[in-house]
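A short write-up of the structure that comes next.
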Amino acid sequence: MIVIGGSSSRDLAKELAMILECKCILASSTRFPDGECYTRIEGETLNDDVVIVQNTYPDQNLIEMFLIQDAAKRMGAKSITLVIPYFGYARQDRIFKPGEPESAKVMAKHLSIACDRVITIDIHKETVLKNFKCPATDIKASGAIAEYFADKGIDIVLAPDEGAAERARDVGERMGVPHDHLEKVRLSGTEVRIAPAKMDCRGKNVLIVDDIIATGGTIMAATIQLKEAGAQSVSVACTHGVFTGDSIQRLTGGNIDALLCCNTLESKVSNISVASTVAEELRKGKKKRLLRKS
Ligand code: R5P
């Protein structure tokens with residue numbers, strides 16, 4: 001197996017290859033003067049199963065992913081698995097208003113043109129997976145998050161809305177602490193209203209878990225609500241720290257006691273690694289292939 005790291009995910013690719021004890025090639029990527037992407041996998045031939053690690057967000061990374069796939073195929077990759085740490089466009093997974101595209105479906109369809117398998121991590125909606133033209137699996141970051149917070153004295157795990165309730169259950173159960181979800185109403189792209197928690201949070205160390213932090217509006221509102229309810233501390237963990245605008249500064253300079261994300265998107269707070277979880281999934285896939293051959 002050979003791991004190829006695209007420009008969005010070089011550190012994750014290196015860590016993954018280290019765990020899998022296989023070769024890692026970092027695709028070199030630059031931009032032409034007009035902004036178009038130039039990418040190259042250096043070496044003679046691949047002649048092995050290839051794993052490409054690259055985000056499909058922002059748009060430049062999506063183009064790079066298409067080009068790396070083509071280069072890998074031409075260099076003799078026996079099979080291509082795409083590991084997409086953060087799958088962009090997953091939130092437009094259906095038509096909300098007439099005239100809109102089904103963006104997630106379009107991305108999945110086109111990404112699967114040259115690959116044999118896809119692995120995503122905490123994709124916003126798992127229903128998107130059925131649009132890939134090859135087997136696609138979503139793996140969860142809950143184990144890595146629970147492990148990170150295991151010795152941090154957390155009393156309660158909360159999801160900021162019902163959509164993330166399953167994640168809070170998974171993390172809470174792994175940590176052996178109670179879990180619940182808050183009720184959220186979205187008022188605009190940047191503003192949300194969160195109802196008071198049903199659980200008594202007075203004097204408790206609360207961990208909020210979510211899949212994405214974008215503007216930070218959700219996490220900010222949930223934290224304010226929990227601090228008003230008397231929580232002793234509020235820690236926040238999300239899988240994908242998108243952090244639009246100056247949200248990372250606003251979130252780290254306020255009421256939040258600890259802010260952590262996974263390394264699906266690299267930032268100054270992406271200290272939770274999903275590399276072992278991805279490696280485990282790749283090992284399972286390899287084992288299945290070997291069993292089929294024998
Ligand atoms: C919503 O369904 C997601 O799970 C996140 O809660 C949301 O994307 C967070 O966005 P923001 O940080 O802009 O509130």
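Treat the numbers as computed from the prediction; the structure is a model and nothing was measured. One-based numbering, in listed order, for ligands and for the atoms of each.
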Select all protein residues for which some heavy-atom-to-ligand 1 distance is less than 4.0 Å, and list them by chain and number.
R91, H124, D161, K184, R186, D210, D211, I212, I213, A214, T215, G216, G217, T218
Pair up each side-chain donor or acceptor in residues 185-197 with any protein partner under 3.5 Å, not counting sequence neighbours, and list the distances.
{"unit_1": "R186", "atom_1": "NH1", "unit_2": "S188", "atom_2": "O", "d": "3.0"}
{"unit_1": "R186", "atom_1": "NH1", "unit_2": "G189", "atom_2": "O", "d": "3.1"}
{"unit_1": "R186", "atom_1": "NH2", "unit_2": "T218", "atom_2": "OG1", "d": "3.4"}
{"unit_1": "S188", "atom_1": "OG", "unit_2": "T190", "atom_2": "N", "d": "3.3"}
{"unit_1": "S188", "atom_1": "OG", "unit_2": "E191", "atom_2": "N", "d": "3.1"}

Check whether the side chains of D49 and S79 place a donor and an acceptor atom closer than 3.5 Å, and report yes or no.
yes
Whether Q249 side chain and L251 backbone form a donor-acceptor pair below 3.5 Å:
no
Return the orientation label for the Y57 and Y86 ring planes: parallel under 30°, perpendicular over 60°, tilted otherwise.
perpendicular
Flag side-chain contact, heavy atom, 4.5 Å: N55 against S9:
yes
Between D122 and H240, do the side chains contain an N or O donor and an N or O acceptor separated by less than 3.5 Å?
no
